[in-house]
Novice: 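I have a structure here, written as structure tokens, and I will follow up with some questions on it.
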There are 2 protein chains.
Amino acid sequence: MQPTIPLAKFLPYQLSITSNAVSGRIAQEYRQRFGLSVPEWRVMAVLGDSGALTQRDLTQRTLMDKVAVNRACKVLEERGLAARTPNAQDGRSHHLDLSDAGREMHGQIMPLAREMERRVFAGFSAEELDAFSSLLLRVRGQVGDLDGDTIDSRNFGIV
Amino acid sequence: MQPTIPLAKFLPYQLSITSNAVSGRIAQEYRQRFGLSVPEWRVMAVLGDSGALTQRDLTQRTLMDKVAVNRACKVLEERGLAARTPNAQDGRSHHLDLSDAGREMHGQIMPLAREMERRVFAGFSAEELDAFSSLLLRVRGQVGDLDGDTIDSRNFGIV
DNA sequence: TATTGTCGGTTGCATAGGCAACTACCTTTG
DNA sequence: CAAAGGTAGTTGCCTATGCAACCGACAATA
């Protein structure tokens, strides 16, 4: 046993390595089973639930960089999992929606996602998870308040 | 207000974006004030607390990739913040320790780190933070159990 | 309607980060 | 002590990610 290491007590550090571990584990699963990256999966998850959206909508709902959204959409389209249709209201953007194949895959992915969430957070009560969730939300709010140059959290009802 | 989006309720997702927000905020601070990356800062934090260590020790204590540790060490040495001395016990490795300049910087950084932690987690009780910390630890344990191919958490007293 | 500013989407570039292979050295086994 | 296998550190490569600049289209103002 080593002496107490302050870094290990540093909460941002704990948060970072835990998040990395969880994300890495989940990313590995999606990659192996579906060949999807995390950004691609996120876009699919939102599309499958919301129906056709523009990339702008997707950046808002996923909180990802618009470039990340763009690239994920491009891949999904190339793989035939999603299709773009012109946006009559705005010539700059398209409506992106899942294809039948994409919807089929979405149907397989979401149960897997829930299952992985269940396993990773196994052994916690609903109260603990609620508290955890709300703490994450409040922390995010704190950082947003401190940090003027990033996303404006007031724009996101979903956060 | 948008309809409820499942992605926003997905705990791994919440964890990820919160961690990114916190890490990004902190990384920005270290970069601006000291020109340090997060890996570099982590190495400094451990070195400043533990005294001379090998890169192997540092990879264990920071949980970073050995390449990340190596590169951080190289930068610190080039900047004169740390120095390597031969390891009499093992010709393959060196003992790395902070220089006077590095120790000086360490003395400035650690209070800043604590201050940022305090601000990011402002408004939470000690009990909440303890619960949060132990939940992160348990989640990390779960992922480690599920995931055979990454780090072996049993090696790390610090985790 | 011409101008100016803004916005969605795209591309290019620059950086970070991880994996795999390699070197030099250590350790174990016969 | 020779051989075989393992380990610390290093380098190169490849991918992921983000920013900044750009293009075409919309919006506001005159």
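What you see is a predicted model; the values in this text were computed from it and never measured. Hydrogens, waters and symmetry mates are skipped; everything else that's a heavy atom, side chains included, is used. Each chain gets a letter, A, B and so on, in the order its sequence line appears, and its residues count up from 1.
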Novice: Counting N and O atoms only, with roles assigned by atom type, does the side chain of B:Thr54 sit under 3.5 Å from a partner on the main chain of B:His94, one being a donor and the other an acceptor?
Specialist: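 A pair under 3.5 Å: no.
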Novice: Which heavy atom in B:Ala21 sits nearest to a heavy atom in A:Val143, and how many Å separate them?
Specialist: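 Looking at all heavy atoms of both residues, the closest pair is O-CG1, 3.5 Å.
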Novice: In whole angstroms, how far is the C1' atom of C:dT15 from the CZ atom of B:Arg31?
Specialist: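 Distance, rounded to whole Å: 9 Å.
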Novice: Over 60° means perpendicular and under 30° means parallel, so tell me whether B:Tyr30 and B:Trp41 are parallel, tilted or perpendicular.
Specialist: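 B:Tyr30 and B:Trp41: parallel rings.
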Novice: Quickly work out the B:Trp41 CH2 to C:dA16 P distance and round it to whole Å.
Specialist: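 Distance check: B:Trp41 CH2 to C:dA16 P gives 18 Å.
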Novice: Round to the nearest Å and state the distance from B:Leu36 atom CG to C:dT15 atom P.
Specialist: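 Value for this atom pair: 17 Å.
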Novice: Of A:Lys66 and A:Val38, whose nearest nucleotide on DNA chain D comes first from the 5' end?
Specialist: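 Closest to the 5' end, via its nearest nucleotide, is A:Val38.
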Novice: Without decimals, in angstroms, what is the distance between B:Arg42 CZ and C:dG17 P?
Specialist: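 Atom-to-atom, B:Arg42 to C:dG17, this comes out as 9 Å.
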Novice: Are A:Glu78 and A:Lys74 close enough, and set up right, to give a salt bridge (charged side-chain N to carboxylate O under 4.0 Å, His left out), and what steps lead you there?
Specialist: CA-CA 6 Å; A:Glu78 284 166 359; A:Lys74 200 194 297 186; 5.7 Å; no
Novice: Given 3.5 Å as the limit, does a donor-acceptor pair link the side chain of B:Arg138 with the main chain of A:Phe124, or not?
Specialist: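 Answer holds: no.
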Novice: Does a side-chain N or O of A:Gln55 approach OP1 or OP2 of C:dT10 to a distance below 4.0 Å, or not?
Specialist: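 Indeed, a polar side-chain atom of A:Gln55 lies that close.
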Novice: Counting side-chain heavy atoms from CB outward, which of C:dT10, D:dG9, C:dG18 is closest to B:Arg71?
Specialist: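 Per side-chain heavy atoms of B:Arg71, the pick is C:dG18.
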Novice: For D:dT11 and B:Lys74 - does any side-chain N or O of the residue sit under 4.0 Å from the phosphate oxygens OP1/OP2?
Specialist: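 Yes, B:Lys74 has a side-chain N/O under 4.0 Å of OP1/OP2 on D:dT11.
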Novice: Is there a side-chain polar atom (N or O) of A:Asn70 under 4.0 Å from OP1 or OP2 of C:dG9?
Specialist: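 Answer is no, no contact under 4.0 Å.
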Novice: Rounded off to whole Å, could you give me the CG-to-P distance for the A:Asp65 and C:dG12 pair?
Specialist: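 Distance check: A:Asp65 CG to C:dG12 P gives 17 Å.
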Novice: Atom CG of A:Leu58 and atom C1' of C:dT10: how far apart are they, to the nearest Å?
Specialist: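 So the two atoms are 16 Å apart, to the nearest Å.
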Novice: For DNA chain D, which residues in residues 79-99 of chain B have a heavy atom at a distance below 4.0 Å?
Specialist: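 Here the set is B:Arg84, B:Arg92, B:Ser93, B:His94.
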Novice: A quick test of your reading: do over 12 heavy atoms of other residues, nucleotides or ligands sit less than 6.0 Å from CZ of A:Arg33?
Specialist: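 Counting neighbours around CZ of A:Arg33, 12 or fewer heavy atoms of other residues, nucleotides or ligands fall under 6.0 Å, so no.
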Novice: Report the distance from atom CD1 of B:Ile17 to atom P of D:dG18, rounded to the nearest whole Å.
Specialist: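 Checked: the CD1 to P distance equals 13 Å.
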Novice: Output the rounded distance in Å from CD (A:Gln28) to P (C:dC19).
Specialist: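 Spelled out: CD on A:Gln28 to P on C:dC19 is 11 Å.
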Novice: Under 4.0 angstrom, heavy atoms only, what part of the nucleic acid is A:Thr54 near: base, sugar-phosphate, or nothing?
Specialist: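 Sugar-phosphate contact only - A:Thr54 comes under 4.0 Å of backbone atoms but never of a base.
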Novice: Would you say the side-chain atoms of A:Ser23 pair up with the backbone N or O of A:Ser19, donor to acceptor, closer than 3.5 Å?
Specialist: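 Indeed, once roles are kept as given, a pair shorter than 3.5 Å links the two residues.
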